[in-house]
> 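Got a structure for you, written out below as structure tokens; questions coming shortly.
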2 protein chains.
Amino acid sequence: MLSKKTQYGLKALGYLAEKYGSGPVLIADIAEQKCIPIKFLESILLQLKQHDILESKKGKGGGYYLMQPPKKTSIAQVIRIIGGPIALLPCVSLNFYEKCGDCNEENCGLRKTMAVVRDATLKVLEKKTLCDLVDLSLA
Amino acid sequence: MLSKKTQYGLKALGYLAEKYGSGPVLIADIAEQKCIPIKFLESILLQLKQHDILESKKGKGGGYYLMQPPKKTSIAQVIRIIGGPIALLPCVSLNFYEKCGDCNEENCGLRKTMAVVRDATLKVLEKKTLCDLVDLSLA
DNA sequence: TAATTACTCCATCAATTAAATAGACTATAT
DNA sequence: ATATAGTCTATTTAATTGATGGAGTAATTA
């Protein structure tokens, strides 16, 4: 399951994708439209900025906006930044790999199975982008 | 990520799959072979029994054993019993559905995307069985 | 340059879930 | 009877998640 934090992040990015090209959007605006606790949202957006998904502008007329066109950011990227590993086991994670203590990885049937799941999941998540998050009633 | 509990459960079932047909296996035996805290394992096996994956026998010569041939139990079944939903969002879960509060489900791009992920994941997890968990150095 | 706006950063806190442990109880086999 | 081995309930600890408060910094505008 995606954490609430990750869900909030994705929803916020979907909203920013809708607004792409029309300048900075206030945190408060995003929070209200997407029903996200504002202080919580703040930290999420900051995190996304630190990973070069978002850019921000301070002062009057400021706010957050996408650094690149929505199509350029995959859902997989976002989930990894906010929520961490996509794989179901640390020992098959591509970006957050951790050695499996108790089993010989080469012979582990569970590991092999979960690697197949990972590939199937990534095939989708790396192709889908922020464009796919835009409210469909607007498209 | 699968919880430790789910991982333990799958590893235990893999071991019982190896031993299928040769009578009951002691909890203590499974725990030792698979490096699982014994009391924790107890509760996991009990849960699997209550969901008709395992059968048990008390007293001397007792232990746990698979109720059906390993091929008959899918990994998806096991994950759902021990770990809950497989989908990444409650509102796209087939077995643990929960309504999404803040969005119109019909028009939600995030939901649509996660439904695709779910289908891709299930396609693998429903086909894989306990047979696929057996230590490959034995097969 | 003063005032306002809006993001940034740090610290904390409550609630929930995950992981592990303890001990009493029940059923079975010999 | 007795030893064996699963069953059940309760508790405890640690980690994570979700949320909040407030001081600080940067940029704009008048």
Side-chain angles (χ1 to χ4, degrees), chain A residues 1-12 16 23-32 34-67 79 81-85 88-90 96 98 101-102, chain B residues 1-12 16 23-32 34-67 79 81-85 88-90 96 98 101-102:
Chain A
M1 284 287 213
L2 297 181
S3 67
K4 217 101 195 222
K5 188 176 180 183
T6 306
Q7 291 177 46
Y8 287 157
L10 288 167
K11 293 215 172 186
L16 289 174
V25 181
L26 292 182
I27 298 179
D29 179 14
I30 306 170
E32 189 184 6
K34 294 296 171 180
C35 302
I36 305 172
I38 189 165
K39 295 294 284 184
F40 199 13
L41 179 58
E42 265 183 35
S43 68
I44 297 168
L45 296 177
L46 190 55
Q47 202 173 346
L48 289 169
K49 178 187 173 177
Q50 286 163 348
H51 285 84
D52 301 317
I53 303 297
L54 294 179
E55 193 47 83
S56 69
K57 204 182 157 198
K58 286 186 177 180
K60 189 161 192 175
Y64 276 97
Y65 51 96
L66 293 179
M67 207 178 187
I79 292 180
I81 290 171
I82 307 181
L88 293 179
L89 291 179
F96 299 85
E98 277 175 55
D102 331 316
Chain B
M1 285 286 214
L2 297 179
S3 67
K4 217 102 194 218
K5 188 175 179 184
T6 306
Q7 291 178 46
Y8 287 158
L10 288 168
K11 293 215 170 183
L16 289 174
V25 182
L26 292 183
I27 297 180
D29 179 13
I30 305 171
E32 188 184 6
K34 295 295 171 180
C35 302
I36 305 172
I38 189 166
K39 294 296 282 183
F40 198 14
L41 179 59
E42 264 183 37
S43 67
I44 296 168
L45 296 177
L46 191 55
Q47 201 173 349
L48 289 168
K49 178 186 174 179
Q50 286 162 348
H51 284 84
D52 301 318
I53 304 297
L54 294 178
E55 193 48 83
S56 69
K57 206 182 156 195
K58 286 184 178 181
K60 187 160 192 173
Y64 275 98
Y65 51 96
L66 294 178
M67 209 179 185
I79 292 180
I81 290 171
I82 307 181
L88 293 179
L89 291 179
F96 299 85
E98 276 175 55
D102 331 314

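This structure is a prediction, so every number in the text was calculated from the model and none was measured. So that the names make sense, note that chain A is the first sequence line, chain B the second, and so on, each numbered from 1.
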> Nearest whole angstrom, please: distance from the P of dC7(C) to the CG of L45(A).
9 Å
> What integer distance in Å separates K58(A):NZ from dA3(C):C1'?
17 Å
> Looking only at the side chain of K60(B) (C-beta and beyond, no hydrogens), which of the listed nucleotides dA29(C), dT21(C), dA19(D) gets closest?
dA29(C)
> Look at the side chain of Y8(A) and decide which nucleotide, out of dT5(C), dA19(D), dG23(C), has an atom nearest to it.
dA19(D)
> Look at the side chain of L26(B) and decide which nucleotide, out of dT21(C), dG6(D), dA29(C), has an atom nearest to it.
dG6(D)
> Atom CG of D29(B) and atom CG of L41(B): how far apart are they, to the nearest 0.5 Å?
10.5 Å
> Could you state the interatomic distance from CG (L16(A)) to CD1 (I30(A)), rounded to the nearest 0.5 Å?
4.0 Å
> State which of dG6(D), dC9(C), dA6(C) makes the closest approach to the side chain of Q50(A).
dC9(C)
> Side chain of L46(A): nearest nucleotide among dC9(C), dT21(C), dG18(D)?
dC9(C)
> Rounded to the nearest 0.5 Å, how far does CE of M1(A) lie from CG of L89(B)?
7.5 Å
> Looking at E42(B) and dC8(D), is any side-chain donor or acceptor paired with a base atom of the opposite kind under 3.5 Å?
yes
> Counting side-chain heavy atoms from CB outward, which of dG6(D), dT20(D), dA19(C) is closest to P37(A)?
dT20(D)
> Check whether any side-chain nitrogen or oxygen of S3(A) sits under 4.0 Å from OP1 or OP2 of dG18(D), and answer yes or no.
yes
> Measure from the side-chain heavy atoms of K39(A) and tell me the nearest of dG21(D), dG18(D), dA19(D).
dG21(D)
> Find the distance I38(A):CD1 to dA6(C):P and express it as a whole number of Å.
11 Å
> Would you mind classifying the nucleic acid contact of I27(A) as base, sugar-phosphate or nothing, using non-hydrogen atoms under 4.0 angstrom?
sugar-phosphate
> Take atom NZ of K57(A) and atom C1' of dT28(D), then tell me their distance rounded to the nearest Å.
8 Å
> Take the protein atom NZ of K4(A) and the nucleotide atom C1' of dT17(C), then report the distance between them rounded to whole Å.
15 Å
> Quick check: does any side chain N or O of Q47(A) sit under 3.5 Å from a backbone N or O of I81(A), one acting as donor and the other as acceptor?
yes
> Rounded to whole angstrom units, what separation is found between the NZ atom of K49(B) and the P atom of dA5(D)?
16 Å
> Can you measure F40(A) atom CZ to dG21(D) atom P for me and round it to whole angstrom units?
15 Å
> Once rounded to the nearest 0.5 Å, what's the spacing between atom NZ of K11(A) and atom NZ of K4(A)?
9.5 Å
> Taking CD from Q47(B) and C1' from dG6(D), how many angstroms apart are they, rounded to a whole number?
16 Å
